[in-house]
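Encoded as C-alpha cells, the structure appears first; notes follow it.
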Amino acid sequence: MTPELSFSLTLATPELMLAIGAMAMLMVGVFSGERSTTLVNGLSVAILIAAGAWMLFFGQNGLGFNGVFVSDPFARFMKMLTLIGSIVTLVMSVGFAKAEKFDKFEFPVLILLSTLGMLLMVSANDMITLYMGLELQSLAAYVIAAINRDSVRSTEAGLKYFVLGALSSGMLLYGISLVYGYTGNTGFDAIAAALAGGERQLGLVFGLVFVLAGLAFKISAVPFHMWTPDVYEGAPTPVTAFFAAAPKMAAMALIVRVTMGAFEPIAFDWQQIVVFISIASMLLGAFAAIGQRNIKRLMAYSSIGHMGYALVGLAANSEAGVRGVALYMLIYLIMTLGTFAFILAMRRKEGNVEQIDDLSGLSSTNPMMATVLTIMMFSLAGIPWLAGFWAKWYVFLAAIDSGLYALAVIGVLASVVGAYYYLRVIKIMWFDEPAGGFQPMAGELRLVMTVTGAFVFFYVLIGGPIETMAEAAAGTFF
C-alpha cells in the first residue's frame, strides 16, 4: 500500500467504518431474521458513535484519493452534526417502530448507508464525489420514506420524494456537465483556478444555476420545496425527524463548500441566486405555515423558513457569514430533534396523533411536555435569550456587515410573521380546554427532550466554546 493511499484511507476512516458496518449489519439482519431488529439498531448506533469518536480524537486535515476527498475543520464540524442527527433519530425510533409494527432491521441499515452518503457529501472536493455521495444518501432516503408498506400515506410519500428527487438529480447532473464543459475540470480547486484565470461565460452561469437548484432541493429551499410538506406528513414520524435533521446538515455543508470553494471567483453570480432563494424560503416558510393544522406539516414549512435564514449567512460571503451558517445549523438541529421527540411522544391509546388541536390544554395534563415544547417554539421563533435568537443574530449580523441590509430586514420581518404560528401552538397548550392527556413517554424520548430543552434554554451560558468551534470551521475557507 502506497503512503498516499494509506493517508487517504486514514482520512476516510469514519466513512469506511459506516460502509463496513452497514454491510455487516445487513448480514446480521438477513441471517437472524426479524428478531435481530433490536440488535441491529443498537449496533448501528454504536457504529455511528464510533465514527464520530474517531473523527473527534483522530481526525486529520488533508486531501485524499487524488484530491477528490477533503478533511478539514469545516468538514468535521458538519459531519459531527450529521452523525448526531442520525444517532438521535435511531434512538428515538425504537418505541415508535415497535408500536407501529414497522420495526424492520433494514431501517437502521438504510440510515447507516444514507449517513455514509452524507459524510461523502460533506467531504466532496470534486463534482463526481459530490454526485456519488448525494445519490447514495438519496436512494436510501427514498426507501425509508416508504418503509411502512402497510400505510398508504407512507408509500405515497416515498413515491413523491423519489420522483421529485430524480428530477433534482437530473438538474444537478446537467449543471455539472455544463461546468465541466466550460472549465474542463470536475475538481473544486481546478474549477476555482479556471474561473479565476479567465472570463466567465454565460453557459457557466447556467451550469452554476442548475447545480445550486439540485442542491437547493436537498435543503427544501424555495422553489424546490414542493416535496417537503407531503413527505414530512406522510412518512413515519422517525423518518420525518431524520429528514428534518441529518440530510439538511450535509446538504447545507455541500452548498457552502461548492460556493465558497469551486465558485468563489464568481461570487457575485451565486450571491444573487442565494439571496433570491433565501428571501423566497423565509417568506414562504412564514406565511404558508399559518393555516396548517398538522404539526408535521407545520414543521415542514418551519424547516423551509429556517433554511432561508441559514442562507442569509451564506449570502454574506464572509467568514462571519459561514460561521453564522455553521452555528445556525447546529442550533436548528437541536431544536428540531427536541421538537420531533415531542411529536413522537404524542401518543394516545388509539395510536399517535399529529393534529395541533390534540395539544389543547396540555399544560394541565402534562406540564413537563408543555414546558419543553414551549421552550422549543419560542426558540424556533427567535425569542431572546434562547438559542434560536442567537442563531438568527449571527446570520443577520453577517448580512448587515456585508451591506445586505434589505435581506436582513426581510429576514427580521419574516421572523415576526413566523412567530404567529409558533405562539399559536403555545396558546393552544396553555390556554385551551384539555383534550385528553398522552400516554407516558418512552425513556429515550424523555432523555432527548430534556437534553435539547436544556441546551436551548441555557445556550447563552454554554455558547462560547460552540462559537469558537464554528469560527474554526469557517476559517477553513478564509
Side-chain angles (χ1 to χ4, degrees), residues 1-2 4-32 36-37 39-60 62-72 75-91 93 104-144 147 169 218 239 242-243 245-247 249-251 253-254 257:
M1 186 184 295
T2 64
E4 184 185 344
L5 179 58
S6 176
F7 180 66
S8 297
L9 292 173
T10 303
L11 290 181
T13 298
E15 286 79 3
L16 291 172
M17 291 168 74
L18 292 191
I20 295 168
M23 296 300 104
M25 291 305 99
L26 186 60
M27 293 299 102
V28 170
V30 167
F31 288 112
S32 302
S36 66
T37 301
L39 174 64
V40 171
N41 202 75
L43 289 175
S44 297
V45 171
I47 291 166
L48 290 166
I49 292 172
W54 175 278
M55 213 179 318
L56 202 58
F57 297 111
F58 305 109
Q60 299 181 48
L63 291 171
F65 304 104
N66 204 25
V68 302
F69 183 94
V70 62
S71 177
D72 53 35
R76 287 195 294 278
F77 184 89
M78 298 306 291
K79 282 181 182 181
M80 288 303 297
L81 299 190
T82 303
L83 288 171
I84 289 169
S86 298
I87 291 165
V88 176
T89 300
L90 275 179
V91 170
S93 70
K104 304 175 176 67
F105 73 85
E106 292 95 335
F107 179 66
V109 173
L110 288 165
I111 292 284
L112 282 179
L113 290 171
S114 185
T115 307
L116 170 60
M118 293 177 219
L119 299 193
L120 289 173
M121 286 164 63
V122 177
S123 280
N125 198 44
D126 185 278
M127 289 293 183
I128 307 302
T129 316
L130 175 159
Y131 187 72
M132 285 178 61
L134 192 138
E135 283 304 294
L136 176 57
Q137 178 261 315
S138 299
L139 290 171
Y142 301 149
V143 179
I144 60 173
I147 197 164
S169 293
K218 297 301 174 187
V239 176
F242 178 68
F243 287 167
M249 305 298 117
L254 189 52
R257 194 173 290 284

d(Thr129 OG1, Leu254 CG) to nearest 0.5 Å is 10.5 Å
Measuring only between side-chain heavy atoms, which start at C-beta, is Val143 closer than 4.5 Å to Glu106? no
With a 4.5 Å limit on heavy-atom distance, are the side chains of Met132 and Ile128 in contact? yes
Short question: side chain of Ser36, backbone of Leu39 - any donor-acceptor pair under 3.5 Å? no
Closest non-hydrogen atoms of Ala250 and Thr82, given as atom of the first, atom of the second and distance, are N-OG1, 3.9 Å
Would you say the side-chain atoms of Ser8 pair up with the backbone N or O of Gly64, donor to acceptor, closer than 3.5 Å? no
Asp126 side, atom CG; Phe65 side, atom CZ - distance, nearest 0.5 Å: 13.0 Å
For Thr89, side-chain contact (heavy atoms from CB on, under 4.5 Å) partners two or more places apart: Phe242, Leu337
Are the side chains of Phe107 and Val40 in contact, using a 4.5 Å heavy-atom criterion? no
Answer whether the closest heavy-atom distance between the side chains of Ser93 and Ile111 falls below 4.5 Å. no
Restricting to ring pair (Phe, Tyr, Trp, His ring centres under 6.0 Å), what partner residues turn up for Phe58, sequence neighbours left out? Trp54
Could you tabulate the donor-acceptor pairs under 3.5 Å formed by side-chain atoms of residues 11-23, not counting sequence neighbours?
residue, atom, partner, partner atom, Å
Thr13, OG1, Leu9, O, 3.1
Thr13, OG1, Thr10, O, 2.9
Glu15, OE2, Lys79, NZ, 2.6

At their closest point, which heavy atom of Ala245 faces which heavy atom of Gly85, and how far apart are they? CB-CA, 4.3 Å
Output all residues satisfying ring pair (Phe, Tyr, Trp, His ring centres under 6.0 Å) with Tyr142, sequence neighbours left out; order by chain, then residue number. Tyr161, Phe162
Taking every non-hydrogen atom, the tightest pair across Thr115 and Ser86: OG1-OG, 2.8 Å
If you look at every heavy atom in Ser44 and Leu90, which pair is closest and at what distance? CB-CD1, 4.0 Å
Ignoring hydrogens, what is the shortest heavy-atom contact between Met249 and Met78? Give both atom names and the distance. O-CE, 3.4 Å
Beyond-backbone contact of Pro247 with Met118, side-chain heavy atoms, under 4.5 angstrom: yes
Taking side chain as C-beta onward, heavy atoms only, is Phe69 less than 4.5 Å from Leu120? yes
Heavy atoms of Gly52 and Met80 approach each other most closely as O-SD, 3.6 Å
Do the side chains of Ser71 and Gln60 get nearer than 4.5 Å, heavy atoms only? no
Gap between atom CG of Leu139 and atom CG of Leu110 - 0.5 Å precision: 10.5 Å
As an exercise, state the distance from CD1 of Ile47 to CG of Leu83, rounded to the nearest 0.5 Å. 12.0 Å
Main chain of Pro108, side chain of Asn41: is a donor-acceptor contact present, judged purely on distance under 3.5 Å? no
Which residue pairs satisfy the side chain to side chain donor-acceptor pair (under 3.5 Å) criterion with at least one member in residues 20-29, sequence neighbours excluded? none
Can you sort out the partners of Asp72 under salt bridge (charged side-chain N to carboxylate O under 4.0 Å, His left out), two or more places apart, ordered by chain and number? Arg257
Any donor-acceptor pair under 3.5 Å from Ser114 side chain to Ala140 backbone: no
Can you check whether Leu63 reaches Val70 side chain to side chain, under 4.5 Å on heavy atoms? yes
Sole residue of Val30, Leu113, Leu43 in side-chain contact (heavy atoms from CB on, under 4.5 Å) with Met25: Leu43
